[in-house]
Amino acid sequence: MSAPQVSVVIPMMNEAENVAPLIGRIVAACGDVAFEVVAVNDGSTDGTGEELLKLARADGRVRVLQHPRPAGQSAAVHSGVKAARAPICVTLDGDGQNPPEELPNLYGPLMADTTGRLGLVAGQRVDRQDTASKRWASKAANGLRARILKDGTRDTGCGLKGFRRDAFLGLPFFNHMHRYLPALMRRDGWEVAHVDVTHAERAAGKSKYNNLGRALVGIYDLIGVAWLIRRRKTEAPTEVTPDV
């Protein structure tokens with residue numbers, strides 16, 4: 001199979017009922033480019049792995065990675081991007097709440113970029129289909145993050161993101177880094193674009209997060225990212241060749 005232009009990376013944990021519908025919609029949505037799907041089974045204990053392998057047997061564009069135990073969403077995305085064969089990667093959550101039909105709006109600007117400076121296209125959810133408590137917690141967390149990091153992003157929790165593979169792999173890795181990609185990309189000198197994306201209700205399965213746990217972890221992450229930004233490398237070298 002020829003090298004893909006776009007790699008669709010999906011972290012999945014216990015999403016057996018969502019596997020087939022989600023990947024079917026991804027295949028339909030990305031028909032305008034050469035693509036691959038890199039699904040990362042993050043230590044699932046249900047039938048997620050078996051469902052993914054069924055699809056991989058039927059379609060060579062579907063690849064399956066397996067974590068032996070749950071490592072978290074950022075680790076799953078990182079594993080998928082490392083294994084990706086395309087220069088552009090797009091991500092979405094495995095729970096079906098990120099509509100795959102939005103994917104062209106993420107990889108399109110990156111493919112059209114002629115400056116070589118666009119590193120990230122970040123989706124920002126409108127009309128979120130979540131509980132009121134989750135929406136409130138997300139709004140509060142995003143507000144605090146924006147005031148401290150000044151990353152120009154109102155919604156970093158959206159799983160719909162597109163980025164240059166080399167730019168992503170150049171970022172410092174840590175758990176939960178997927179929530180800070182705009183700030184981290186800007187730290188490394190990349191331009192960041194934003195697109196509004198739709199959001200859907202979860203059709204099957206259960207959320208893996210709770211508001212309190214997410215908030216407690218987020219405090220440490222926010223401090224750490226602020227420290228990384230202050231300690232960023234401020235100069236880049238240019239090669240000087242001697243006159244012949």
Side-chain angles (χ1 to χ4, degrees), residues 1-11 26 29-38 40 61 63 73-74 76-92 98 100-125 145-146 149-174 177-197 225-244:
M1 187 171 63
S2 60
Q5 298 168 286
V6 175
S7 294
V8 183
V9 177
I10 322 169
I26 290 171
C30 298
D32 61 333
V33 295
F35 71 93
E36 66 175 359
V37 175
V38 183
V40 184
R61 294 171 297 185
R63 301 168 57 198
Q73 185 170 345
S74 283
V77 170
H78 194 263
S79 293
V81 174
K82 284 184 69 176
R85 298 189 300 132
I88 293 173
C89 294
V90 291
T91 67
L92 74 170
N98 298 148
E101 292 75 19
E102 299 284 2
L103 292 175
N105 296 326
L106 304 177
Y107 61 69
L110 289 160
M111 295 181 72
D113 176 46
T114 59
T115 68
R117 296 310 311 153
L118 181 60
L120 171 70
V121 179
Q124 299 189 116
R125 292 166 290 189
R145 187 212 68 255
L149 302 183
K150 297 177 173 56
D151 59 5
T153 303
R154 73 167 190 267
D155 177 22
T156 61
C158 179
L160 282 163
K161 292 184 175 71
F163 45 78
R164 289 175 51 136
R165 179 177 179 270
D166 60 344
F168 178 87
L169 292 178
L171 301 176
F173 173 78
F174 55 91
M177 69 173 289
H178 66 281
R179 295 185 173 277
Y180 298 92
L181 287 187
L184 293 170
M185 286 284 187
R186 290 183 188 279
R187 167 189 178 270
D188 281 9
W190 295 103
E191 294 179 3
V192 175
H194 299 90
V195 295
D196 286 345
V197 295
V225 174
W227 183 89
L228 284 171
I229 291 173
R230 287 197 298 270
R231 297 297 188 269
R232 68 186 182 277
K233 184 178 180 181
T234 58
E235 299 296 334
T238 56
E239 184 172 358
V240 181
T241 58
D243 295 332
V244 178

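Nearest heavy-atom pair, Pro109 versus Leu106, reported as atom, atom and distance to 0.1 Å: CD-O, 3.5 Å. Nearest approach of Thr115 to Asp113, heavy atoms of both residues: OG1-OD1, 2.7 Å. Taking all atoms of both residues into account, the shortest heavy-atom contact from Arg85 to Glu36 is N-OE2, 2.8 Å. The two residues Phe174 and Ser74 make their nearest non-hydrogen contact at O-CB, 3.9 Å. When all heavy atoms of Arg125 and Gly157 are compared, the pair lying nearest together is NH2-C, 3.4 Å. For the residue pair Ala86 and Pro4, the shortest heavy atom distance occurs at CB-O, 3.4 Å.
Under the 4.5 Å side-chain criterion, counting only non-hydrogen atoms from C-beta, Glu102 is not in contact with Leu92. Contact check for Cys30 versus Arg61: no side-chain heavy atoms found under the 4.5 Å cut-off. When side chains are defined from C-beta on, Asp32 does not count as touching Gln5, because their heavy atoms never get closer than 4.5 Å. Put simply, the side chain of Val81 reaches to within 4.5 Å of the side chain of Leu169, judged on heavy atoms. Contact annotation: the side chain of Val197 never approaches that of Asn105 to less than 4.5 Å [non-hydrogen atoms, C-beta and beyond].
Distance check: Leu120 CG to Leu181 CG gives 6.0 Å after rounding to the nearest 0.5 Å. Rounding to the nearest 0.5 Å places OG1 of Thr91 at 8.0 Å from CG of Asn98. From Thr153, atom OG1 reaches atom CZ of Arg186 across 6.0 Å, with rounding to the nearest 0.5 Å. Separation of atoms CZ (Phe173) and OG (Ser79) is listed at 7.5 Å; rounding is to 0.5 Å.
Side-chain atoms of Gln124 come within 3.5 Å of backbone atoms of Arg154 as a donor-acceptor pair (strictly under, hydrogens ignored). For the pair Arg117 (side chain) and Gly189 (backbone), a donor-acceptor distance under 3.5 Å is present. Judged by distance alone, with hydrogens and angles left aside, the side-chain atoms of Lys161 form no donor-acceptor pair with the main-chain N or O of Pro182 at under 3.5 Å. In this structure, Arg63 contributes its side chain and Ala83 its backbone to a donor-acceptor pair below 3.5 Å. Not a single donor-acceptor pair under 3.5 Å links the side chain of Arg164 to the backbone N or O of Leu118.
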(request) Go through the steps to decide whether Val225 and Arg187 satisfy the test side chain to side chain contact (heavy atoms under 4.5 Å, CB included), and finish with yes or no. (result) CA-CA 10 Å; Val225 174; Arg187 167 189 178 270; over 6 Å; no
(message) Is there a side chain to side chain contact (heavy atoms under 4.5 Å, CB included) between Val90 and Leu160? Walk through the geometry before answering.
(response) CA-CA 7 Å; Val90 291; Leu160 282 163; over 6 Å; no
(message) As a quick check of understanding, evaluate side chain to side chain contact (heavy atoms under 4.5 Å, CB included) for Ile26 and Ile10, giving each step before the final call.
(response) CA-CA 10 Å; Ile26 290 171; Ile10 322 169; 3.4 Å; yes
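Using a 30° and 60° split on the angle between ring planes, Phe163 and Phe168 fall in the parallel class, below 30°.
Just one residue in the list Leu149, Asp151, Ile229, Leu228 forms a side chain to side chain contact (heavy atoms under 4.5 Å, CB included) with Tyr180, and that residue is Leu149.
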